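Start at 1 with the first residue, then count along the sequence. Below, each value reflects all heavy atoms present in this structure, side chains not excepted, and no hydrogens, waters or symmetry copies. Note that the coordinates shown come from a computational prediction; the quantities given were computed from them, not determined experimentally.
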Amino acid sequence: MKKVYMGIFTSVVVSFVPFVVQAASATSNTLPTPRRVVSDEELKPHFGVQVGMASPEGSYRNGLEYGINAGFQPVIPFGLGVELSTSRTDAKNGNEALRRTNLWVNGSYNFGGHADVIRYSYIGVGVGSIFQNDRSDLAIAPLMGFDIPIDRTQKDFASVGAEAKYAFISGGNPDALSVNGVIKYWY
């Protein structure tokens, strides 16, 4: 099952690459040049709520995952954030249910430019701890997502988006694919 999840995640990422390359050739600022933040607006601080699905490999059913996140952009176009989420998935074969609390530090590269699909998208990696039942393990997760502004006429605005993350968990615990819808408030 792990190969299926990785195949799906890899297919989505590989499918996304041509859009980035096409957008980068159409406009010069799809892949922004790193530069120092010079105003409070460029810091892009935000707070968000996420709800979605956690799908551990092996003999576990998909389960509800929910959490909160916060972040900012210390250097354009790189973001830094923290995330706290939890999930519970039932076992298919009578094993104990899998209860996890995840604490992530996420780094991201935010695309720009004028291409509608790309300019609100990001890719990145999360590193963190997975607290599960009576133990904790380290994890690393490639991630990708987007945040589309609802109304950007003011400095403060909200966005809706989604994020996909595949967590590689140490200690022999089942890896997991998470797909969440995200609502963020940017101030």
Requested in this report: Report yes if some heavy atom in the side chain of Asn106 is under 4.5 Å from a heavy atom in the side chain of Val125; otherwise report no.
Outcome: no

**Report entry** Check: Asn69 and Gln50 side chains under 4.5 Å, non-hydrogen atoms
**Finding:** yes

Query raised in the report: Do Ile150 and Phe157 touch side chain to side chain, with heavy atoms closer than 4.5 Å?
Result: no

Query raised in the report: Between Glu83 and Lys165, is there a side-chain N and carboxylate O pair less than 4.0 Å apart?
Result: yes

Query - Where Ala167 and Ala141 come nearest, the two heavy atoms and their spacing - result: CA-CB, 3.7 Å

Query raised in the report: In chain order, what residues pass the ring pair (Phe, Tyr, Trp, His ring centres under 6.0 Å) check against Phe47, with sequence neighbours excluded?
Result: none

**Report entry** Side-chain touch Tyr120/Pro149, heavy atoms, less than 4.5 angstrom
**Finding:** yes

Query raised in the report: Atom OH of Tyr187 and atom CG of Asp156: how far apart are they, to the nearest 0.5 Å?
Result: 9.5 Å

Query raised in the report: Which value, rounded to the nearest 0.5 Å, describes the distance between Leu84 atom CG and Phe131 atom CZ?
Result: 9.0 Å

Report task. Could you label the plane-to-plane angle of the His46 and Trp186 rings as parallel, tilted or perpendicular, counting under 30° as parallel and over 60° as perpendicular? Result -> tilted

Query raised in the report: Would Glu65 and Val51 satisfy side chain to side chain contact (heavy atoms under 4.5 Å, CB included), going step by step from the backbone distance to the final call?
Result: CA-CA 6 Å; Glu65 180 175 70; Val51 176; over 6 Å; no

Query raised in the report: Between the side chain of Asn180 and the main-chain N/O of Gly52, is any donor-acceptor distance below 3.5 Å?
Result: yes

Query raised in the report: Is a donor on one side and an acceptor on the other found under 3.5 Å between the side chain of Asn102 and the backbone of Ile130?
Result: no

Report task. For residues Ile76 and Thr33, determine if any side-chain heavy atom of one lies less than 4.5 Å from a side-chain heavy atom of the other. Result -> no

Report task. Would you please classify the geometry between the Tyr109 ring and the Phe111 ring as parallel, tilted or perpendicular, with 30° and 60° separating the classes? Result -> perpendicular

Query raised in the report: Ala139 and Ile169: which non-hydrogen atoms are nearest, and at how many Å?
Result: CB-CG1, 4.0 Å

Query raised in the report: Just how far is it from atom CZ of Arg99 to atom CG of Asp134, taken to the nearest 0.5 Å?
Result: 12.0 Å

Query raised in the report: Between Asp137 and Gln132, does a side chain to side chain donor-acceptor pair (under 3.5 Å) hold up when you go through it step by step?
Result: CA-CA 8 Å; Asp137 294 299; Gln132 175 181 307; 5.6 Å; no

Requested in this report: Ignoring hydrogens and angles, tell me if any N or O in the side chain of Arg100 forms a donor-acceptor pair with the backbone of Ala54 under 3.5 Å.
Outcome: no

Report summary line: Smallest heavy-atom separation, Ser129 atom then Leu138 atom, equals OG-CD2, 4.0 Å

Query raised in the report: Quick one: does Ser55's side chain have a donor or acceptor within less than 3.5 Å of a partner on Leu177's backbone?
Result: no

Report summary line: For Trp104 and Gly128, the nearest pair of non-hydrogen atoms, with its separation, is CE3-N, 3.7 Å

Query - Test side-chain hydrogen bond (donor to acceptor under 3.5 Å, both in side chains) applied to Arg61 - qualifying residues, sequence neighbours left out - result: none

Query raised in the report: What about Phe146 and Phe72, same hydrophobic cluster or not, with Ile/Leu/Val/Met/Phe/Trp/Tyr joined at side-chain heavy-atom distances under 4.5 Å?
Result: no

Query raised in the report: Given Asp90 and Arg88, is the salt bridge (Lys or Arg N to Asp or Glu O under 4.0 Å) satisfied, shown in steps?
Result: CA-CA 7 Å; Asp90 293 324; Arg88 182 182 186 280; 2.6 Å; yes

Query raised in the report: Is any NZ, NE, NH1 or NH2 atom of the basic residue among Lys184 and Glu163 found under 4.0 Å from an Asp or Glu carboxylate oxygen of the other?
Result: no

Report summary line: Note: Thr89 and Asn62 closest approach over all heavy atoms is CG2-C, 4.0 Å

Query raised in the report: Can you tell me how far the CG atom of Leu31 sits from the CD1 atom of Ile118, to the nearest 0.5 Å?
Result: 9.5 Å

Query raised in the report: To the nearest 0.5 Å, how far apart are CE in Met144 and OH in Tyr166?
Result: 16.0 Å

Query raised in the report: Tell me, do Pro174 and Leu98 make a side-chain contact under 4.5 Å, heavy atoms counted?
Result: yes

Query - Considering all heavy atoms, the nearest Asp147-Ser159 contact - result: CB-OG, 3.7 Å

Query raised in the report: Going from OG on Ser108 to CG on Leu143, what distance comes out if it is rounded to the nearest 0.5 angstrom?
Result: 7.5 Å

Requested in this report: Measure the shortest side-chain to side-chain distance between Met53 and Val179 over non-hydrogen atoms and say whether it is less than 4.5 angstrom.
Outcome: yes

Query raised in the report: In terms of heavy-atom contacts, does CZ of Arg135 have more than 12 from other residues, nucleotides or ligands at under 6.0 Å?
Result: yes

Query raised in the report: Does Ile148 belong to the same Ile/Leu/Val/Met/Phe/Trp/Tyr cluster as Val182, with side-chain heavy atoms less than 4.5 Å apart forming each link?
Result: no

